[in-house]
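Presented below is the structure to which this report refers.
Treat the numbers as computed from the prediction; the structure is a model and nothing was measured.
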Amino acid sequence: MIERLPLNALRTFAIAARHESFKRAAAELGVTPGAVSRQVKRLEATLGGTLFERGAHGVRLNATGRRLAEHVNGHLAGLATAMAKARQDGGEALSVSVPPSFVQHWLMPRLAGFDAGEAEVAIEASPSLTEPVWQAGRSRLAIRCGPKPALGIEAERLLAAGPPLAQPADLAAHTLLHASWTPGAAATSFPGWREWLDFAGADAVDAPVHRRYSLFSLVLDQAIAGRGVALATHTVVADRLASGVLVAPFGDRYAMPSPFDYWLLRPATGSPPPLAHRFCEWLRLEARAFARSA
């Protein structure tokens, strides 16, 4: 029965199979590689067998996976055709491919002001460019950030980029986002902009506090929205960097050693109950996998 089919897992598998990479599939879906892996494992558990060969350098479809991918892709293509036909029968529709960060922090808060009437407007949050096309039943548009696209696509500038950011000295022309770190038990304080600028050899750049936030999550939200530059540990922002929601303008050229590590705190005595034990084991495996991929 169709209601028993793991449709989300099948769609995730189809994308992972096309890329033969959980990381690239996660970037296309706007999720973490771990979420892709969980959906694939759910599908494998339903089927009672594996679909990928897993190795230190990634994943590769096995014979079963290749056969299933062919069937799934064929049926998904058929569904897409049926949907397109239904949209044509029901009137005009429009899909817009937009980077996830732009959707969340700029487009969606404003989209309610667009009067689409009875037509459908589908927003596809994807880091992969979908080629725009005019069609009577369904047109496609795309919004992207970067240099002007190549010939063959009409590109209209919506929002101009900010000042260049190629070296630490360029930060003088940008808004630096500050977090109010809560003092903890450690004697060492978390490095701020002044410490990082000195470390990067940009001691001549001032670090004025134009915007300070009580929570680091608010700092990241502002950085994702393009309202400034934030300092962050790689662990916290790795998934956002992989998906393209955030960018590291200098790469790891000026990575400052952190005085802190992340710790799992447990009672000093006694044995953990089964659920707590399983969670700790899972957390260790996730941390080791992250450390290997970093």
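- The CG atom of Leu220 sits 11.5 Å away from the OH atom of Tyr213 when rounded to the nearest 0.5 Å.
- By the ring-ring contact (aromatic ring centres under 6.0 Å, His included) test, Tyr254 is found to be paired with Phe250, residues two or more places apart in sequence or in another chain being considered.
- Applying the salt bridge (charged side-chain N to carboxylate O under 4.0 Å, His left out) test to Arg194 and every residue at least two apart in sequence or in another chain returns Asp198.
- Residue Ile15 holds its CD1 atom at 13.0 Å from CZ of Arg24, rounded to the nearest 0.5 Å.
- Among pairs with a residue in residues 274-285, those fulfilling salt bridge (Lys or Arg N to Asp or Glu O under 4.0 Å) read Glu281-Arg284, at least two apart in sequence or across chains.
- Under the salt bridge (charged side-chain N to carboxylate O under 4.0 Å, His left out) criterion, Arg18 pairs with Glu28, not counting sequence neighbours.
- With sequence neighbours excluded, the residues that form a side chain to side chain contact (heavy atoms under 4.5 Å, CB included) with Ala35 are Val31, Thr32, Arg38.
- When the side chain to side chain contact (heavy atoms under 4.5 Å, CB included) test is applied to Ala242, no partner is found at least two apart in sequence or on another chain.
- Going from atom CZ of Phe13 over to atom CZ of Phe22 covers 9.5 Å, rounded to the nearest 0.5 Å.
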Ignoring hydrogens and angles, write down the donor-acceptor pairs under 3.5 Å from the side chains of residues 47-56, residues two or more places apart or on other chains.
unit_1: Thr50; atom_1: OG1; unit_2: Asn62; atom_2: ND2; d: 3.2
unit_1: Arg54; atom_1: NH1; unit_2: Glu44; atom_2: OE2; d: 3.2
unit_1: Arg54; atom_1: NH1; unit_2: Phe52; atom_2: O; d: 3.4
unit_1: Arg54; atom_1: NH2; unit_2: Glu44; atom_2: OE1; d: 3.0
unit_1: Arg54; atom_1: NH2; unit_2: Glu44; atom_2: OE2; d: 3.4

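- The side chain to side chain contact (heavy atoms under 4.5 Å, CB included) test applied to Ser95 returns Ala122, Glu124, Arg138, Arg140, not counting sequence neighbours.
- Side-chain atoms of Glu195 come within 3.5 Å of backbone N or O of Gly192 as a donor-acceptor pair.
- Residues Val219 and Ala230 come closest through the heavy atom pair CG1-CB, 3.4 Å.
- Scored by the salt bridge (charged side-chain N to carboxylate O under 4.0 Å, His left out) test, Asp206 finds no partners at all (sequence neighbours excluded).
- In this structure, the side chain to side chain contact (heavy atoms under 4.5 Å, CB included) partners of Leu241, at least two apart in sequence or on a different chain, are His234, Val237, Leu246, Ala248.
- The minimum heavy-atom distance linking His174 with Val229 is given by the pair CB-CG2, 4.0 Å.
- In this structure, the side chain of Arg66 engages the main chain of Leu61 through a donor-acceptor pair within 3.5 Å.
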